[in-house]
Amino acid sequence: MKLNRLTLLTVFCLIALNTFAQKKSKKDYVVTIATDEGKMRLILFDETPKHKANFIKLSKDKFYNGLLFHRIIKDFMIQGGDPNSRNAKPEDMLGRGDNGYKIPAEIEPNLFHRKGALAAARDNNPKKESSGCQFYIVEGRKWSKSELDKQASRAARKLTDAQKKVYETEGGTPHLDGAYTVFGQVIDGMAVVDAMSAKPKDERDRPDKDIKMKVSVKKMKKKKITKKYGYVFAS
């Protein structure tokens, strides 16, 4: 069968793109969030490309450096990324700041609020669009079967049996599933999240002592990430 010039060009382009994708998939970004309490390292999910690209860009632009974890709730989560938190006074109300845009929701059924999940904060908009900058990291807790049934009834989608098992054995915040975009996971430094969530705070859940962040990203070979942090990528 003869192929015309345009068809050949298309084939060569597809081969080149496929080869590039294969090469690209051998590496991924590791996010490091450094605080006075220690460092957390996270992976961002390919299933949520808009959130992943946005977080990487903001991190490279040093947007997050100097911002606070302004809201902490033990056995629930820690939240940060409000641009108004930079140099904020103790009496300032935080949590409503933004960077001028929202991100379309990327709520994937296989990504859920297990312990260590990275998710995007949002306001009460009907499309469930995410804040362009604010995020939270799940601490959560373990749930008994009866407790989990009650939590699951509050979720915006049905939990799978596998997800229920994770919530029973590892912990998380199941009632948030289906309502917020989960786009990453802590792969090292979960003890830092636990320590931060337990800090003294005021009636607004703001830590009595400011917890500043410094966020950076580094591209590493996936094999090295697995070897160093134990995170296994989906095949």
Side-chain angles (χ1 to χ4, degrees), residues 29-45 51 55-56 58-59 62-99 111-122 130-131 133-143 151 166-167 169-177 180-218 228-231:
Y29 284 98
V30 173
V31 176
T32 299
I33 302 178
T35 73
D36 289 339
E37 302 300 320
K39 294 181 179 179
M40 298 163 272
R41 291 181 174 84
L42 306 92
I43 282 291
L44 306 178
F45 298 136
H51 286 72
F55 200 89
I56 290 171
L58 292 180
S59 299
K62 304 185 187 307
F63 171 88
Y64 288 115
N65 293 357
L67 300 188
L68 303 180
F69 279 97
H70 64 270
R71 185 176 178 227
I72 57 172
I73 302 176
K74 184 171 175 55
D75 295 332
F76 185 34
M77 58 91 223
I78 59 174
Q79 181 174 337
D82 182 348
N84 294 339
S85 68
R86 183 177 280 108
N87 303 318
K89 298 176 181 178
E91 66 273 14
D92 289 348
M93 179 68 71
L94 300 176
R96 298 177 181 175
D98 62 57
N99 58 344
L111 304 178
F112 59 109
H113 286 80
R114 67 194 303 166
K115 189 176 180 70
L118 170 68
R122 66 173 178 83
S130 302
S131 164
C133 55
Q134 289 200 47
F135 64 90
Y136 60 93
I137 300 174
V138 172
E139 182 192 22
R141 67 176 181 85
K142 296 177 184 179
W143 304 89
Q151 289 293 309
V166 171
Y167 284 130
T169 58
E170 297 178 19
T173 56
H175 73 277
L176 297 180
D177 284 344
Y180 297 82
T181 295
V182 173
F183 66 99
Q185 181 71 32
V186 174
I187 59 173
D188 181 60
M190 193 62 212
V192 177
V193 179
D194 295 336
M196 287 171 59
S197 71
K199 291 293 180 182
K201 60 182 182 177
D202 63 20
E203 67 279 359
R204 301 167 297 175
D205 296 318
R206 177 174 170 177
D208 290 345
K209 181 182 178 182
D210 286 349
I211 303 176
K212 294 184 179 181
M213 69 179 78
K214 183 177 182 181
V215 182
S216 59
V217 291
K218 180 180 180 181
K228 190 169 185 179
Y229 301 113
Y231 180 80

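None of the values given here were measured: they were computed from a predicted structure.
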- [ ] With sequence neighbours excluded, tell me which residues meet ring-ring contact (aromatic ring centres under 6.0 Å, His included) with Tyr231.
- [x] Phe233
Task: Thr35 and its side chain to side chain contact (heavy atoms under 4.5 Å, CB included) partner, picked from Lys212, Lys214, Met40 - done: Met40
TODO: Apply ring-ring contact (aromatic ring centres under 6.0 Å, His included) to His51 and list each qualifying residue two or more places apart in sequence or on a separate chain.
DONE: Phe183
- [ ] State whether Arg114 and Glu170 are salt-bridged, where the test is any N-O pair (Lys NZ or Arg NE/NH1/NH2 against Asp/Glu carboxylate O) under 4.0 Å.
- [x] yes
- [ ] Applying salt bridge (Lys or Arg N to Asp or Glu O under 4.0 Å), name anything that partners Asp208, two or more places apart in sequence or on another chain.
- [x] none
Open item on the list: Would Ile137 and Leu42 count as a side-chain contact (heavy atoms from CB on, under 4.5 Å) here? Give the steps.
Closed with: CA-CA 10 Å; Ile137 300 174; Leu42 306 92; 4.3 Å; yes
- [ ] Before giving the answer on side-chain contact (heavy atoms from CB on, under 4.5 Å), spell out for Arg204 and Met93 the whole-Å C-alpha distance, their side-chain angles and the decisive distance to 0.1 Å.
- [x] CA-CA 8 Å; Arg204 301 167 297 175; Met93 179 68 71; 4.1 Å; yes
- [ ] Using the side-chain contact (heavy atoms from CB on, under 4.5 Å) rule, take Val31 and Tyr64 through it: C-alpha gap first, then chi angles, then the decisive distance, then the call.
- [x] CA-CA 12 Å; Val31 176; Tyr64 288 115; over 6 Å; no
Task: Heavy-atom closest contact (Glu139 atom, Val193 atom, distance) - done: CB-CG1, 4.2 Å
TODO: Determine whether Ile43 and Tyr229 make a side-chain contact, defined as any pair of heavy atoms from C-beta on separated by less than 4.5 Å.
DONE: no
Open item on the list: Taking the ring centre of each residue, are Tyr29 and Phe55 less than 6.0 Å apart?
Closed with: no
TODO: Could you check if a side-chain atom of Lys142 sits within less than 4.5 angstrom of a side-chain atom of Thr169, using non-hydrogen atoms only?
DONE: no
- [ ] Check for a donor-acceptor pair, side chain of Gln134 on one end and backbone N or O of Gly97 on the other, with a separation under 3.5 Å.
- [x] yes
TODO: Determine, for Asp188 against Arg41, whether the closest basic-nitrogen to carboxylate-oxygen distance falls under 4.0 angstrom.
DONE: yes
Task: Asp92 side-chain N/O to Ser85 backbone N/O, donor-acceptor pair under 3.5 Å - done: no
Task: Backbone of Thr173 reached by a side-chain donor or acceptor of Gln151 within 3.5 Å - done: no
